[in-house]
Amino acid sequence: MRRLKEVVDKLYHPPKDGRRQVFALSRPEAEKLPRLPAVAIISITAPERPIAAVDGFAYLLRLSFADVDFLSSSLSKKAQQKAQNAFTPSQASQILDFVNGLPGDVHSLVVHCEGGFSRSCAIALALHQRFGYLAEVERLSKGNPSVLQLMLVCRAASEEKS
């Protein structure tokens, strides 16, 4: 609960230098966020789970993919079964297009997944590395390595047209 309070405080008090900030949260935390006009959200759910209750944000991207480190050379049987629902280049491109399309008055981006440790952390870290978003980097260390790598190498569809 304290973590959620800290993030909400930062959403209400964005960086004064104009840089965007990104946060990785769990689904229960994200569902409790105030619907602020300057906050965008990327909602990630597992394929077998219903969508998260995060309606009401002006800028909302919903994605569904399994938490699988699909680039790992040693996948467990369970991970191999989930690999068909792993993060895709198309989803990475969707995220990049979403982020590139956000208006200037959106100063914060919240990425959530079920637990707030793997998929959301990888995407938040990628946004920090690619675009310089302010992030609590130490909190993002358990991000899914495959999701992070794909986010860093993929291009937005809008970039492909250039």
Side-chain angles (χ1 to χ4, degrees), residues 2-46 51-52 54-65 67 69-71 86-162:
R2 192 182 79 156
R3 164 91 174 119
L4 181 60
K5 184 180 177 330
E6 290 171 5
V7 170
V8 168
D9 187 54
K10 290 178 181 178
L11 296 177
Y12 276 109
H13 302 96
K16 299 212 183 309
D17 63 6
R19 289 174 60 197
R20 281 193 175 141
Q21 56 188 352
V22 62
F23 300 97
L25 295 177
S26 69
R27 177 186 183 131
E29 291 169 328
E31 289 177 337
K32 293 176 185 165
L33 289 173
R35 281 23 182 196
L36 302 173
V39 176
I41 192 159
I42 297 174
S43 176
I44 303 166
T45 52
I51 64 172
V54 291
D55 291 326
F57 286 92
Y59 301 95
L60 170 62
L61 174 64
R62 290 185 185 275
L63 296 171
S64 178
F65 58 90
D67 188 11
D69 183 5
F70 54 90
L71 297 176
F87 190 59
T88 66
S90 173
Q91 289 169 321
S93 183
Q94 280 182 275
I95 291 169
L96 295 172
D97 283 335
F98 177 75
V99 168
N100 286 332
L102 292 173
D105 60 348
V106 172
H107 56 69
S108 301
L109 181 62
V110 173
V111 185
H112 89 78
C113 61
E114 300 299 337
F117 296 107
S118 185
R119 293 168 289 179
S120 59
C121 287
I123 291 169
L125 188 56
L127 295 175
H128 167 71
Q129 291 179 6
R130 270 187 93 136
F131 301 109
Y133 278 35
L134 295 173
E136 301 165 316
V137 177
E138 64 284 353
R139 291 187 168 274
L140 307 177
S141 64
K142 293 188 172 143
N144 181 310
S146 298
V147 172
L148 175 61
Q149 185 172 340
L150 200 51
M151 282 294 299
L152 294 175
V153 300
C154 279
R155 294 172 57 111
S158 56
E159 294 172 326
E160 298 295 328
K161 296 173 187 162
S162 305

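Any value given below was found using the heavy atoms of this structure, including those in side chains, with hydrogens, waters and symmetry copies removed.
- Put simply, NE2 on His128 and CG on Leu140 are 8.0 Å apart, with the number rounded to the nearest 0.5 Å.
- Within the model, atoms CD of Glu29 and CD of Glu31 stand 10.5 Å from one another, a figure rounded to the nearest 0.5 Å.
- Taking a cutoff of 4.0 Å between a charged side-chain nitrogen and a carboxylate oxygen, Glu6 and Lys10 do not qualify as a salt bridge.
- At least one donor-acceptor pair under 3.5 Å links the side chain of Glu114 to the backbone N or O of Ala46.
- In terms of heavy atoms, Arg27 sits closest to Thr45 at NH1-CG2, 3.4 Å.
- Side-chain atoms of Arg139 and Cys121, non-hydrogen and from C-beta on, never get closer than 4.5 Å to each other.
- With no hydrogens or angles considered, no side-chain donor-acceptor pair links Ser120 and His112 at under 3.5 Å.
- Atom CG of Leu127 is separated from atom CD1 of Ile95 by 7.5 Å, given to the nearest 0.5 angstrom.
- Note: Phe117 CZ to Ser141 OG = 10.5 Å, rounded to the nearest 0.5 Å.
- Nearest heavy-atom pair, Arg35 versus Asp55, reported as atom, atom and distance to 0.1 Å: NE-O, 2.9 Å.
- Panel note: side chain Gln91, backbone Ser64; a donor-acceptor pair is recorded below 3.5 Å.
- Contact record, Ser43 with Leu60: CB-CD1, 4.1 Å, taken as the closest heavy-atom pair.
- At distances below 3.5 Å, at least one donor-acceptor pair connects side-chain atoms of Arg62 with backbone N or O atoms of Ala52.
- Here the closest non-hydrogen pair linking Asp69 and Asn144 is N-ND2, 3.7 Å.
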Step-by-step side chain to side chain contact (heavy atoms under 4.5 Å, CB included) determination, Val99 to Arg130:
CA-CA 11 Å; Val99 168; Arg130 270 187 93 136; over 6 Å; no
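- Rounding to the nearest 0.5 angstrom, the gap separating the CD1 atom in Ile41 from the OG atom in Ser108 is 11.5 Å.
- For the pair Leu36 and Tyr12, the minimum side-chain heavy-atom distance is below 4.5 Å.
- With rounding to the nearest 0.5 Å, the separation of CG in Leu134 from CG in Leu109 is 12.5 Å.
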Please lay out, stage by stage, how Phe131 and Leu96 fare under the test side chain to side chain contact (heavy atoms under 4.5 Å, CB included).
CA-CA 10 Å; Phe131 301 109; Leu96 295 172; 3.8 Å; yes
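- Two residues are said to be in side-chain contact when any heavy atoms from C-beta on lie closer than 4.5 Å; Cys154 and Ser93 fail this criterion.
- Nearest heavy-atom pair across Val147 and Arg119 is CG1-O, 4.3 Å.
- Met151 and Ala126 make their closest contact through CB-CB, 3.4 Å (heavy atoms, listed as atom of the first residue, atom of the second, distance).
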Going through the distances and angles, do Val54 and Val110 end up as a side chain to side chain contact (heavy atoms under 4.5 Å, CB included)?
CA-CA 11 Å; Val54 291; Val110 173; over 6 Å; no
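- Inter-residue side-chain proximity for Leu33 and Phe23 is flagged as unmet; no heavy-atom pair is nearer than 4.5 Å.
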